[in-house]
Amino acid sequence: MLLQRRQLFAALASVWPGLSLRAQTAAGPLRTRAIPSSGEAIPLVGLGSWITFNVGHDPVAREACTEVMRAFFEGGGRLIDSSPMYGSSQPVIGQGLAKLGRAAPVFAADKVWIGSGARGAEQIEASRRFWGVPRFDLLQVHNLLAWEEHLPQLFAMKSAGRVRYVGITTSEGRRHAEIEKVMRSQPIDFVQISYNLLDREVEQRILPLARERGIGVIVNRPFREGALLRELQRHRLPPWAAEFGCDGWAQFALKFIVSHPAVTCAIPATSSVAHVRQNLGAARGVLPDAAMRARMAAHVAAL
């Protein structure tokens with residue numbers, strides 16, 4: 001059986017460079033969801049880089065980040081998100097992409113984060129060089145900073161084929177009224193917001209509006225930068241979590257998020273190969289339905 005599996009892997013690897021035996025023996029392919037504005041499907045779980053990839057010039061830490069990226073791509077992941085705000089994260093991602101080469105089918109998502117609209121193009125080009133990609137798949141206005149100036153420039157880049165998608169971001173529940181205003185008035189492809197088992201305000205207006213307007217949703221802070229998981233890990237995982245294939249609290253938390261029909265992709269950040277594999281597992285197998293999602297939220301609220 002092992003020999004047959006290796007022979008199958010060898011045949012697949014000949015047409016898919018970078019494919020790993022580990023990826024082939026994982027429990028099924030990653031679930032995807034279509035980007036509303038295009039129909040392009042992307043995996044439900046991506047990779048954030050805030051804090052975890054801000055490792056400076058430390059060669060050992062940079063190599064560890066590359067191994068996280070390797071495991072992410074081998075597991076079927078695509079979307080990696082970064083920002084000029086994230087310290088050395090962009091060049092660290094670029095170093096990893098360069099090393100992985102054709103084994104890195106990345107969906108590159110970055111941001112413009114500068115108060116001057118006139119300097120946005122310069123910052124975007126610097127970010128692109130750090131990543132080493134020909135163009136970004138998605139550019140977002142980070143935390144709505146000078147969005148009135150940046151969005152017209154990003155739409156012009158999209159029209160010229162220099163970026164594929166345009167979006168806006170916020171985090172920690174801030175500026176939702178302004179986010180809603182932009183969603184209603186601008187032809188954006190994505191909105192990035194914070195959403196998790198405890199921070200659920202976006203369920204009231206932002207997520208329904210995204211479905212109404214055909215806007216993709218990227219979710220940041222799914223674990224509250226780890227604080228949520230540290231609290232949950234003090235308790236036993238409920239036995240009924242096995243009904244939708246959870247092997248731990250991280251998958252429980254992520255499955256709650258990505259099972260919402262408005263959510264396109266969640267972007268947990270990690271510096272651990274084991275954790276990135278576990279996170280990707282949340283995009284496999286059964287997803288909770290609406291009744292189960294309500295049960296999950298009620299269970300966590302009662303802990």
**Message:** I'd like to know if the side chain of R162 and the backbone of R135 have a donor-acceptor N/O pair within less than 3.5 Å.
**Reply:** no

**Message:** Would you say the rings of W249 and H235 are close, in the sense that their centroids are separated by under 6.0 Å?
**Reply:** no

**Asked** How close do N143 and T170 get, heavy atom to heavy atom, and via which atoms?
**Response** OD1-CA, 3.4 Å

**Short side-chain donor-acceptor distance under 3.5 Å, S127 and Q90** = yes

**Prompt:** Got a second to check how far R221's CZ is from S194's OG, nearest 0.5 Å?
**Reply:** 5.5 Å

**Message:** Any non-hydrogen side-chain atom of P268 less than 4.5 Å from a side-chain atom of V45?
**Reply:** yes

**Request:** Check whether I257 and I206 end up in the same hydrophobic cluster, where Ile, Leu, Val, Met, Phe, Trp and Tyr are linked by side-chain heavy atoms less than 4.5 Å apart.
**Result:** yes

**Message:** In the structure I gave you, are the side-chain heavy atoms of L139 and K111 within less than 4.5 Å of one another anywhere?
**Reply:** no

**Request:** For the residue pair F190 and Y165, categorise the inter-ring angle as parallel (less than 30°), tilted (30 to 60°) or perpendicular (more than 60°).
**Result:** perpendicular

**Donor-acceptor pair, side chain of R33 and main chain of V258, under 3.5 angstrom** = yes

**Prompt:** Applying the 4.5 Å side-chain criterion to the ILVMFWY set and letting contacts propagate, would F73 and I93 be lumped into a single cluster?
**Reply:** yes

**Enclosure of R174 CZ (heavy-atom neighbours >12, cutoff 6.0 Å)** = yes

**Complete:** Heavy atoms of L232 and V300 approach each other most closely as CD2-CG1, 3.9 Å

**Message:** In this structure, is the centre-to-centre distance between the rings of F136 and W131 below 6.0 Å?
**Reply:** yes

**Asked** At what distance, to the nearest 0.5 angstrom, does CG of D110 lie from CD1 of I80?
**Response** 11.0 Å

**For the student: nearest non-hydrogen atoms of P261 and R211, plus distance** = CG-NH1, 3.4 Å

**Request:** Ignoring hydrogens and angles, state whether a donor on the side chain of Q192 or Q140 is under 3.5 Å from an acceptor on the partner side chain.
**Result:** yes

**Item:** Candidates I188, D189, V166 - the one meeting side-chain contact (heavy atoms from CB on, under 4.5 Å) with L154
**Value:** V166

**Request:** Indicate whether the side chain of T169 and that of H142 have a donor and an acceptor atom separated by less than 3.5 Å.
**Result:** no

**Pair W147, Q186: side-chain N/O donor-acceptor within cut-off below 3.5 Å** = no

**Prompt:** Is V191 linked to I35 within one hydrophobic cluster, defined over Ile, Leu, Val, Met, Phe, Trp and Tyr using a side-chain heavy-atom separation of less than 4.5 Å?
**Reply:** no

**Asked** Hey, are E74 and R70 close enough for a salt bridge, meaning a charged N less than 4.0 Å from a carboxylate O?
**Response** no

**Message:** I'd like to know if the side chain of S82 pairs up with that of S49 as donor and acceptor (distance under 3.5 Å, no hydrogens or angles considered).
**Reply:** yes

**Asked** Between K181 and S185, which heavy-atom pair has the shortest distance, and what is it?
**Response** O-OG, 2.9 Å

**Prompt:** Taking R62 for the side chain and G56 for the main chain, is one N or O donor matched with an acceptor at less than 3.5 Å?
**Reply:** yes

**Asked** Quick one: is the NZ or CZ of R293 closer than 6.0 Å to the six-membered ring centre of F256, and within 45° of its axis?
**Response** yes

**Prompt:** Can you check side-chain contact (heavy atoms from CB on, under 4.5 Å) on H299 and M296, steps first, answer last?
**Reply:** CA-CA 5 Å; H299 180 81; M296 295 165 76; 5.8 Å; no

**Item:** From CG (L100) to OG1 (T66), nearest 0.5 Å
**Value:** 6.0 Å

**Item:** Inter-residue atom distance L287.CG - K255.NZ, 0.5 Å rounding
**Value:** 5.5 Å

**Message:** Walk me through whether N54 and S88 qualify under side chain to side chain donor-acceptor pair (under 3.5 Å).
**Reply:** CA-CA 5 Å; N54 183 19; S88 65; 3.3 Å; yes

**Message:** I want to check something: taking the side chain as every heavy atom from C-beta on, are R78 and V106 in contact at a cut-off of under 4.5 Å?
**Reply:** no

**Request:** May I ask you to check whether over 12 heavy atoms, not counting those of H275, lie within 6.0 Å of atom NE2?
**Result:** no

**Request:** Output, in order, the C-alpha distance, side-chain angles, deciding distance and verdict of side-chain contact (heavy atoms from CB on, under 4.5 Å) for I51 and E225.
**Result:** CA-CA 9 Å; I51 299 177; E225 296 183 2; 4.1 Å; yes

**Verdict with reasoning, R205 to H176, per side-chain contact (heavy atoms from CB on, under 4.5 Å)** = CA-CA 9 Å; R205 298 178 68 90; H176 280 177; over 6 Å; no

**Asked** Within the distance-only criterion (no hydrogens, no angle test), does the side chain of R164 pair as donor or acceptor with the backbone N or O of L138 below 3.5 angstrom?
**Response** no

**Request:** Kindly assign one of parallel, tilted or perpendicular to the pair H260 and Y195, based on the angle between their ring planes and the thresholds 30° and 60°.
**Result:** perpendicular

**Message:** Looking at K99 and E63, is any side-chain nitrogen of the basic one under 4.0 Å from a carboxylate oxygen of the acidic one?
**Reply:** yes

**Complete:** Between A41 and T32, the two heavy atoms sitting closest are CB-OG1, 3.6 Å

**Atom pair CG (L228) and CZ (F223), whose distance is rounded to the nearest 0.5 Å** = 8.0 Å

**Message:** Rounded to the nearest 0.5 Å, what separates atom CG in L47 from atom CG in N279?
**Reply:** 8.5 Å

**Prompt:** Under a 4.5 Å cut-off applied to non-hydrogen side-chain atoms, are V202 and V217 in contact?
**Reply:** no

**Any donor-acceptor pair under 3.5 Å from R31 side chain to P43 backbone** = no

**Request:** Give a yes or no on whether L30 and L79 share a hydrophobic cluster (residues Ile, Leu, Val, Met, Phe, Trp, Tyr; joining criterion: side-chain heavy atoms under 4.5 Å apart).
**Result:** no

**Request:** With the side chain counted from C-beta on, respond yes when Q95 and F130 share a heavy-atom pair under 4.5 Å apart, and no when they do not.
**Result:** no

**Prompt:** Considering only heavy atoms from C-beta outward, does the side chain of T270 approach that of F72 to under 4.5 Å?
**Reply:** no

**Asked** Under a 4.5 Å cut-off applied to non-hydrogen side-chain atoms, are F53 and V68 in contact?
**Response** yes

**Asked** For residues N220 and E172, is any side-chain donor paired with an opposing acceptor at under 3.5 Å?
**Response** no

**Request:** Might you point out which heavy atoms bring V273 and A71 nearest each other, and give the distance in Å?
**Result:** CG1-CB, 3.8 Å

**Any side-chain heavy-atom pair of F244 and S259 under 4.5 Å** = no

**Message:** Looking at I114, is its backbone amide N or carbonyl O close enough to the side chain of H150 to form a donor-acceptor pair, meaning the two atoms are under 3.5 Å apart?
**Reply:** yes

**Item:** Single-linkage hydrophobic cluster, 4.5 Å side-chain cutoff, L209 and I218 together
**Value:** no

